[in-house]
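The structure appears below as structure tokens.
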Protein chains: 2
Amino acid sequence: MSLQTELTATAAVPLSAAARKFIVHWGEMGSPWGVNRTVAQIHALLYIAPRPLTAEEIAGTLSVARSNVSTSLRELQGWGIVRVAHVLGDRRDYFESMRDVWEMFRIILEERKRREVDPTLAVLRECVALLDRARPADAEAKQRLSELLEFMETMDSAYREFRTLSIADLRRFLKLRGGMRKVAGLILSR
Amino acid sequence: MSLQTELTATAAVPLSAAARKFIVHWGEMGSPWGVNRTVAQIHALLYIAPRPLTAEEIAGTLSVARSNVSTSLRELQGWGIVRVAHVLGDRRDYFESMRDVWEMFRIILEERKRREVDPTLAVLRECVALLDRARPADAEAKQRLSELLEFMETMDSAYREFRTLSIADLRRFLKLRGGMRKVAGLILSR
DNA sequence: CTCCGATTTCAGAATATACTGAAATTACAG
DNA sequence: CTGTAATTTCAGTATATTCTGAAATCGGAG
């Protein structure tokens, strides 16, 4: 028997009231972001945990099936915001969340763009191409889809540039009070 | 019997292949954005339609129940991107989508901030306040939640400023090639 | 190779969400 | 007020998603 297991049947990590509140809320906010409750709760737990946790501990703390934890951890690893760590002399996998919120934000943005924006751009291009040789009755649809495509392409390019900024620069820029005003003054009104 | 009704049992609007492709795709993209398929499809249909449509026509075109259309239209009106229009001498409600993609983008961003970001900020503030008088064991959680709160507050302020720009300025800014580089050069490296 | 703890897979159960159709309500014409 | 088209509400049904627990797989120790 490993040193850590002792006689705990369900190895739950103790949580303060604040920690519980945060985990529950993060779980509820998951849906609009396209991740289910358990995945979001596990992420919340790992984010505030003072040390990496085993799947067993996560299951015990959140009261969900061990198998569910396994699947959810795989998804979080797929997003690239959770990774495996190991403890010397312990065969079990320990999991820890990325700490840097700015980096996490960037990764999630990138991933969502890949999954949602890129396929939509592809479809819009196809549709506009199809409508180029269409009847006059489809003129309105063509106009609308072209505008939508142009909008999304503008956003996409802006995002690509924004992505080239270092986290440090991005942070400094967003923290500037009156930053947007300055941008408007310096760059726009030429 | 009104002039428009004639003998059509299910009043469907004819759709080109491109239009169908767009509507189907937009419906699939709905989930990650927190709206269900029908709502997203109705929005897509109204967006490309050359004229306002009745609920009946929408139901016929998309093959969904009339009552479902009613509920979904209500939701779209709640988001503020669809509105009712009327035709002289016709009692029925006609529905049309907002046309300006930039304005639609702004409205959706605003609404999502209100529904997702604001409540999370409130919870994080509560949690950090609770952890201020907590045991040393919770030091890590406090640190993590403080950082997350600071990050979200920075984003929130940046968004508030960004919101003060006119659509025209915003558009010009995002369309600037090398815009981000210029911002970095002019504002950041002081 | 065998054993055993750790992990993953997956079929079925539980739950949540979306949708339908009938009934109720609304609102306008006559 | 009465009749009727238009719309909304809502209880029940259908569908989709999430979760569980048992079984299979993995992988290292001996």
Side-chain angles (χ1 to χ4, degrees), chain A residues 1-11 24 27-43 52-78 82-95, chain B residues 1-11 24 27-43 52-78 82-95:
Chain A
M1 184 186 274
S2 79
L3 277 175
Q4 288 79 1
T5 308
E6 296 180 285
L7 13 120
T8 49
T10 49
V24 166
E28 285 167 352
M29 280 300 117
S31 309
W33 281 80
V35 294
N36 69 43
R37 192 169 28 134
T38 305
V39 172
Q41 285 184 351
I42 292 175
H43 175 234
L53 303 179
T54 64
E56 193 79 32
E57 288 173 314
I58 296 168
T61 307
L62 301 179
S63 303
V64 295
R66 178 67 184 72
S67 57
N68 191 1
V69 172
S70 180
T71 311
S72 302
L73 282 170
R74 174 173 285 260
E75 183 171 340
L76 285 167
Q77 287 174 283
V82 161
R83 61 174 190 185
V84 187
H86 286 103
V87 170
L88 198 63
D90 190 333
R91 279 165 58 180
R92 294 173 298 177
D93 287 347
Y94 282 76
F95 298 89
Chain B
M1 185 186 271
S2 79
L3 277 175
Q4 289 78 2
T5 308
E6 295 181 286
L7 14 120
T8 50
T10 47
V24 166
E28 285 167 352
M29 281 299 118
S31 309
W33 281 82
V35 294
N36 68 43
R37 194 169 26 132
T38 305
V39 172
Q41 285 184 352
I42 292 176
H43 175 234
L53 303 178
T54 64
E56 193 78 30
E57 288 174 314
I58 296 169
T61 308
L62 301 179
S63 303
V64 296
R66 178 66 185 73
S67 57
N68 190 3
V69 172
S70 179
T71 311
S72 301
L73 281 170
R74 175 173 284 261
E75 183 171 339
L76 285 167
Q77 286 175 282
V82 161
R83 62 175 190 186
V84 187
H86 284 104
V87 171
L88 196 65
D90 191 335
R91 278 164 61 179
R92 293 172 299 177
D93 287 346
Y94 282 76
F95 298 89

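Each chain gets a letter, A, B and so on, in the order the sequences are listed, and its residues count up from 1.
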From CD of B/Glu56 over to P of C/dT20, roughly how many Å is that when rounded to an integer? 14 Å
Grab the OH-C1' distance between B/Tyr94 and D/dA5 for me, whole Å please. 13 Å
Who pairs with B/Arg91 by side chain to side chain donor-acceptor pair (under 3.5 Å), at least two apart in sequence or on another chain? none
Go through the steps for A/Ile58 and A/Leu73 under the test side chain to side chain contact (heavy atoms under 4.5 Å, CB included), then give the verdict. CA-CA 10 Å; A/Ile58 296 168; A/Leu73 282 170; 4.2 Å; yes
With a 4.0 Å cutoff (strictly under), does any side-chain N or O of B/Asn36 reach OP1 or OP2 of C/dC19? yes
Round to the nearest Å and state the distance from A/Glu75 atom CD to C/dT9 atom C1'. 16 Å
Measure across A/Val69 and A/Ile42 and return the closest heavy-atom pair with its distance rounded to 0.1 Å. CA-CD1, 4.0 Å
Let me know the distance between CG of B/Leu88 and P of C/dA29, rounded to the nearest Å. 11 Å
By nearest-nucleotide position on DNA chain D, the 5'-leaning member of B/Gln77 and A/Thr71 is B/Gln77
Per the under-4.0 Å heavy-atom filter, residues of residues 59-68 of chain B near DNA chain D come out as B/Arg66, B/Ser67
Could you give all pairs that pass the salt bridge (Lys or Arg N to Asp or Glu O under 4.0 Å) test and reach residues 57-69 of chain B, with sequence neighbours left out? B/Arg51-B/Glu57, B/Glu56-B/Arg66
Pairwise N/O distances under 3.5 Å, protein to nucleotides 25-28 of chain D:
residue : atom : partner : partner atom : Å
D/dG27  : N2   : A/Arg91 : NH2          : 3.0

Applying side chain to side chain donor-acceptor pair (under 3.5 Å), can you list everything that pairs with B/Asn36, at least two apart in sequence or on another chain? none
To the nearest 0.5 Å, what is the distance between CD (B/Glu28) and CD (B/Gln41)? 8.5 Å
Return the minimal non-hydrogen interatomic distance between A/Gly27 and A/Ala40, and the atom names on each side. CA-CB, 3.8 Å
With sugar-phosphate meaning primed atoms plus P, OP1 and OP2, does B/Thr54 contact a base, only sugar-phosphate, or nothing at under 4.0 Å between heavy atoms? nothing
Round to a whole Å and report the spacing from CZ of B/Arg92 to C1' of C/dA29. 16 Å
So which one's nearest nucleotide on DNA chain C is more toward 5', A/Ser31 or A/Asp93? A/Asp93
Can you name the closest pair of heavy atoms from B/Tyr94 and B/Arg92 and give their distance? OH-NH2, 3.3 Å
Nearest-Å distance, CD1 (A/Ile42) to P (D/dT18)? 13 Å
Rounded to whole angstrom units, what separation is found between the CD atom of B/Gln41 and the C1' atom of C/dA18? 12 Å
Heavy-atom pair with the smallest gap, counting every atom of B/His86 and B/Val84: CE1-CG1, 3.7 Å
When rounded to the nearest 0.5 Å, the distance separating CG of A/Leu62 from CZ of A/Arg37 is 10.5 Å
Looking at every heavy atom in both A/Glu75 and A/Val39, which two are closest together, and how far apart are they? OE1-CG2, 3.7 Å
Can you tell me the distance, in whole Å, between the NE2 atom of B/His86 and the C1' atom of C/dC28? 12 Å
Students should find that the end-to-end axis angle of the helix from C/dC1-D/dG30 to C/dG30-D/dC1, with five pairs defining each axis and rounding to 10 degrees, is 10°
Do the side-chain N or O atoms of B/Arg74 get closer than 4.0 angstrom to the phosphate oxygens (OP1, OP2) of D/dT7? no
